[in-house]
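When reading the values below, keep in mind they use all heavy atoms of this one structure, side chains included, and skip hydrogens, waters and symmetry mates.
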2 protein chains.
Amino acid sequence: MRSEDIARLAGVSRSTVSRVINNYSDIPQKTRDKVLKIIEQYHYEPNTSARVLAGKSTSTIGLFVVSLSEQPGVNRIYQNNYFAPFVDAVIDTANAAGYYVLVHTIYAEEDFAKVKQAFLQKRIDGGIIVGTQKNAELIGGIARIGLPFVLIDYDVADILEHRLSDSPITVVNSDDYEGAMAAMNHLISAGHKEIGFISGHMNTYSGKQRFRAYEAALRTHKLPVRPEYVLNGRFLKQAAYEETKRLLKLDRLPTAIFSANDDMAIAAMNVLREHGLRIPDDMALIGFDDVPVAAQLIPSLSTVRLPIYDMSKEAVSRLVGMFENGAGTLSSVSFPTSLIIRDS
Amino acid sequence: MRSEDIARLAGVSRSTVSRVINNYSDIPQKTRDKVLKIIEQYHYEPNTSARVLAGKSTSTIGLFVVSLSEQPGVNRIYQNNYFAPFVDAVIDTANAAGYYVLVHTIYAEEDFAKVKQAFLQKRIDGGIIVGTQKNAELIGGIARIGLPFVLIDYDVADILEHRLSDSPITVVNSDDYEGAMAAMNHLISAGHKEIGFISGHMNTYSGKQRFRAYEAALRTHKLPVRPEYVLNGRFLKQAAYEETKRLLKLDRLPTAIFSANDDMAIAAMNVLREHGLRIPDDMALIGFDDVPVAAQLIPSLSTVRLPIYDMSKEAVSRLVGMFENGAGTLSSVSFPTSLIIRDS
DNA sequence: GTGAAAGCGCTAACAT
DNA sequence: ATGTTAGCGCTTTCAC
C-alpha cells in the first residue's frame, strides 16, 4: 500500500494525499475527510525511508550508552544501576514527545564508530550520549556532522576549550561537586576524621567532581588525605569489591567511607559484612546516585540522590528544542542533588 | 557527501561505489581499494533511507515493552526489575549482531498503534514484543503485516487457535509452570500446609502458568486452596503491598507465601517487616525472576531464576534467523528455570 | 484547490 | 569489469 494507491482509491492525486498527511492548510475539509477515510480503512502508513529521503525528519533520537570497562562483559548496563534508569527515562520521555529512540551501547573504544555512523547515515535527527569519558576528539567529530546532540555528564570547559561553542550541543550535568561536598560534610559533622573514598572513573566529569569534593572537604577541615584510603573503583562493583578487601588489610582503618556511586558502596558493604564489621558502627558508608535498591538494603544506604528522571527529561526536551529552533549553540544545565540520610 | 561525490573523487561511476559498499565479488581489488580510500578519507556513510528505499534492509530491530497498568506512571520500566534486563539484554545482543534497536514502551491500550506503525512505516525489519497480555487480535494484526516478530512470554496455544501458525512468529517462553511447581514443592516439603499466593497478571502467559502451578501443587498434596490467601498482585509492587496488608488482617495466616514475581515478594517483605513478622520463621517467602536485588536483601530472597539474558539472546538470534531465511512459520522455545534457595 | 513532475540518494538490472 | 538507467515512495515547487 503506497500513497499512490490511496490516491487512486480516494480519486485524487498523490500530492493531495501527501498534503493531507502533512496537514497542509489549503485543503478543504471535504477532500481531507475523504482521503483520511481511505487511509484509515486500509491502515496506510507512509514509508519512513521515502519521507526522510524527501526531506522529512526521522522523528528518531539516538541514545548512546558508553560504558568502557577494562573487563569486557563485566559492566553490561542491565546490571548497572546508573545507566538503566537513564535508558528507561529517555525512552519514556522521548516516546511521550512522539519520538522513536534508537539505543546503542558502546563497550569498547572502537564501537564509537557506531555513534558517528548513526548520525552520518541519517538514521536519527540527533542524539543523547551518556557516560562519555573526556574525549574532545570524539565530541568534535560528532559536532562536525552538524546534527544536535546532548551530552549527559560532561565537562563544559572541555568543550569550550576546543572551540566547539558554536555547535548545537547541550550538556546536562548534576551538581556532583556540591552533592559530594554535602555527603562529606555530613560525615565530618558526625565526627569522622578518617574518611576513605572509593573513586569513580577519573576521566568522567562526575567521577572527577566527586573526587575533587572529597579532597576539598578534607582539606577544608584540615583532615588528613591518605592515599591508601583512596580506592580505585572506576565505578565498577568488582573493582570496588577488590579494593575494599585491600583496604581492610591495612593496620589502621578509616571510620567512614564515601563511595562515588551506590553500586560500589554496596560492594563495599558486602566486604565489610564478610569481615564482620558493623555498619555504621564500625564503618559509616555513604554512596552516590540513590539507586532503587539503596533504600531496600539493611542497613539502608545513605546516599546522594541524582535526579535521573529530570535530567533525562531535560535532555530530551532540549534536544527536541534544538530540532525545532534549528540547531543552536552550546548550552548547559546542571541539576541539584540531595543528600539522603539513611541508616548506613 | 553522497555516493556521487565519492564516485567523482575516485574516478568511477556511482554503481561502482555501490558495488564496493555492498561487497560485490566482480570488482578488482585495485578499484575496490581506490574507492575505499576515498570513502575512508571523507568519512562517507551511505544514507540509510536511500538504501532502504532502494530495497535494502533497515538493520534495525524494534523492541516493544508492554506494561499496561491501571495506575498510570506507576509501572515505568526503569523501576521494573523484570523489563529492564530484557531491554538491556536485547540491545546488547542485537548490537553485537550488527543491528540497531528501536525501543518503544507501551503503557496504554491506544499506544499499541505505535507498534503496528513502526512495522507499517518500514522502520524495522522485525520486532520483539515483551509483556503482551493475551490479545489475539493484536497479534493477528501485526502478523498480517508480514514482517517477522518474536513474542516473549506468550501462550502458543492462543496463536495456534487463531490460525496464525503460518506467520513468521517465534515465541520465547520460560518454564513458568515447572518453576512455580518447584517452588511450591520446596515449601510443601519444608512442611508448610497453608500457603498464600501473590498473583501476577492473569492475562499474561507467565502470570497464568505460575498461578496454575500454585493451585495444582496444593491439590496434588491435598492441601487447602483458600481464596482469601490468593492476593491479586498483577505483577505490581503497589498492589502486592496493599494486598499483603489485607492478608495480615485475617484471623488465620498462611505460614508461607509464594509470589509470582520478586518485586511483589519484596513489597510483601516490607509489609511483613512493618508488622513485626520474621522471615522465614513466621512466614516463608519465595519469589520469581531472581532480580539482581534478590540476593542483596536481608534475608536474601529465595526465588525461581529466569534466564532472561539467554531468552533475550535467543529472541534476537531467532529473529535474525527469520530475516536471513526469509520469514518462516510459527516456532517456539521454552527455557528452563531454576529454584534458588536462599534465606527467606 | 489540485495535479504534474522533478528530485531526495541509493541499488540493481541491463547494457557494453 | 564498469557505466547507464530505471525505479524505490514520498514531498514540494510550479502550473493551472
Side-chain angles (χ1 to χ4, degrees), chain A residues 1-39 42-60 117-125 145-147, chain B residues 1-39 42-60 117-125 145-147:
Chain A
M1 182 108 293
R2 301 162 308 150
S3 74
E4 193 175 339
D5 302 320
I6 299 296
R8 194 167 17 77
L9 290 162
V12 296
S13 73
R14 276 158 56 210
S15 14
T16 300
V17 172
S18 176
R19 286 188 181 98
V20 169
I21 289 171
N22 294 292
N23 260 309
Y24 275 51
S25 53
D26 59 350
I27 189 155
Q29 196 58 42
K30 207 178 139 191
T31 314
R32 185 184 301 279
D33 289 344
K34 186 172 56 180
V35 174
L36 245 24
K37 205 185 127 206
I38 304 289
I39 288 180
Y42 289 86
H43 304 295
Y44 167 74
E45 290 282 348
N47 181 307
T48 299
S49 298
R51 302 192 80 193
V52 172
L53 195 55
K56 289 291 186 185
S57 70
T58 65
S59 298
T60 303
Q117 232 174 59
F119 279 93
L120 251 9
Q121 295 177 344
K122 298 275 150 63
R123 285 177 180 270
I124 54 181
D125 296 339
I145 298 172
L147 293 178
Chain B
M1 183 106 294
R2 302 161 307 150
S3 75
E4 194 175 339
D5 301 319
I6 299 297
R8 196 168 15 79
L9 290 162
V12 297
S13 74
R14 277 159 51 211
S15 19
T16 301
V17 173
S18 175
R19 285 186 182 101
V20 169
I21 289 171
N22 294 292
N23 261 309
Y24 274 52
S25 53
D26 60 352
I27 189 157
Q29 197 57 40
K30 208 179 138 191
T31 312
R32 184 184 301 277
D33 288 343
K34 185 171 57 179
V35 174
L36 245 23
K37 205 184 125 205
I38 303 288
I39 288 180
Y42 289 86
H43 304 295
Y44 166 75
E45 289 282 349
N47 180 306
T48 299
S49 298
R51 301 192 80 191
V52 172
L53 196 53
K56 289 290 186 185
S57 71
T58 64
S59 300
T60 303
Q117 231 175 59
F119 279 94
L120 251 8
Q121 295 177 344
K122 297 276 151 64
R123 286 177 179 271
I124 54 181
D125 296 339
I145 298 172
L147 293 177

Checklist line | Closest to side chain of Leu53(B), choosing from dT2(C), dC10(D), dC8(D) | finding: dC8(D)

Note to self: Of the options dA1(D), dT11(C), dG9(C), whose atoms approach the side-chain atoms of Pro28(B) most closely?
What the structure shows: dA1(D)

Give one of base, sugar-phosphate or nothing for [X], where a contact means two heavy atoms less than 4.0 Å apart.
X	result
Val12(B)	sugar-phosphate
Thr16(B)	sugar-phosphate
Thr31(B)	sugar-phosphate
Ser3(A)	sugar-phosphate
Asp26(B)	base

Side-chain N or O of [X] less than 4.0 angstrom from OP1 or OP2 on [N]?
X	N	answer
Arg2(A)	dG9(D)	yes
Asn47(B)	dC8(C)	no
Tyr44(A)	dG9(D)	no
Tyr24(A)	dT12(D)	yes

Atom-to-atom span, [atom1] of [X] to [atom2] of [N] - whole angstrom:
X	N	atom1	atom2	value
Asn23(A)	dT12(D)	CG	C1'	16 Å
Lys56(B)	dG9(D)	NZ	P	16 Å
Ile6(B)	dG9(C)	CD1	P	13 Å
Asn22(B)	dA13(C)	CG	P	12 Å
Lys122(A)	dG9(C)	NZ	P	8 Å
Arg32(B)	dT2(D)	CZ	C1'	13 Å
Ile27(A)	dT12(D)	CD1	P	14 Å
Arg14(B)	dG9(C)	CZ	P	10 Å

Check: 5'-most contact on DNA chain D: Ala50(B) or Lys34(B), nearest heavy atom basis?
Finding: Lys34(B)

Check: How long is the gap from OG on Ser25(A) to CZ on Arg19(A), to the nearest 0.5 Å?
Finding: 10.5 Å

Note to self: Closer than 4.0 angstrom, basic N to acidic O: yes or no for Asp33(B) and Lys30(B)?
What the structure shows: no

Next item on the list: Could you verify whether a donor N or O on one side chain and an acceptor N or O on the other, from Thr60(B) and Arg123(A), lie under 3.5 Å apart?
Entry: yes

Item checked: Under-3.5 Å donor-acceptor pair between Ser15(A) side chain and dA4(C) base -> yes

Notebook entry, point to check: Below 3.5 Å, does any donor atom in the side chain of Arg19(A) face an acceptor in the base of dG3(C), or the other way round?
Noted result: yes

Next item on the list: Please name the residue in the list Ile6(A), Val12(A), Ile38(A), Leu36(A) that meets the side-chain contact (heavy atoms from CB on, under 4.5 Å) test with Val20(A).
Entry: Leu36(A)

Note to self: Here's a test for you: under side-chain contact (heavy atoms from CB on, under 4.5 Å), which of Ile21(B), Thr16(B), Asn22(B) qualifies with Ser18(B)?
What the structure shows: Asn22(B)

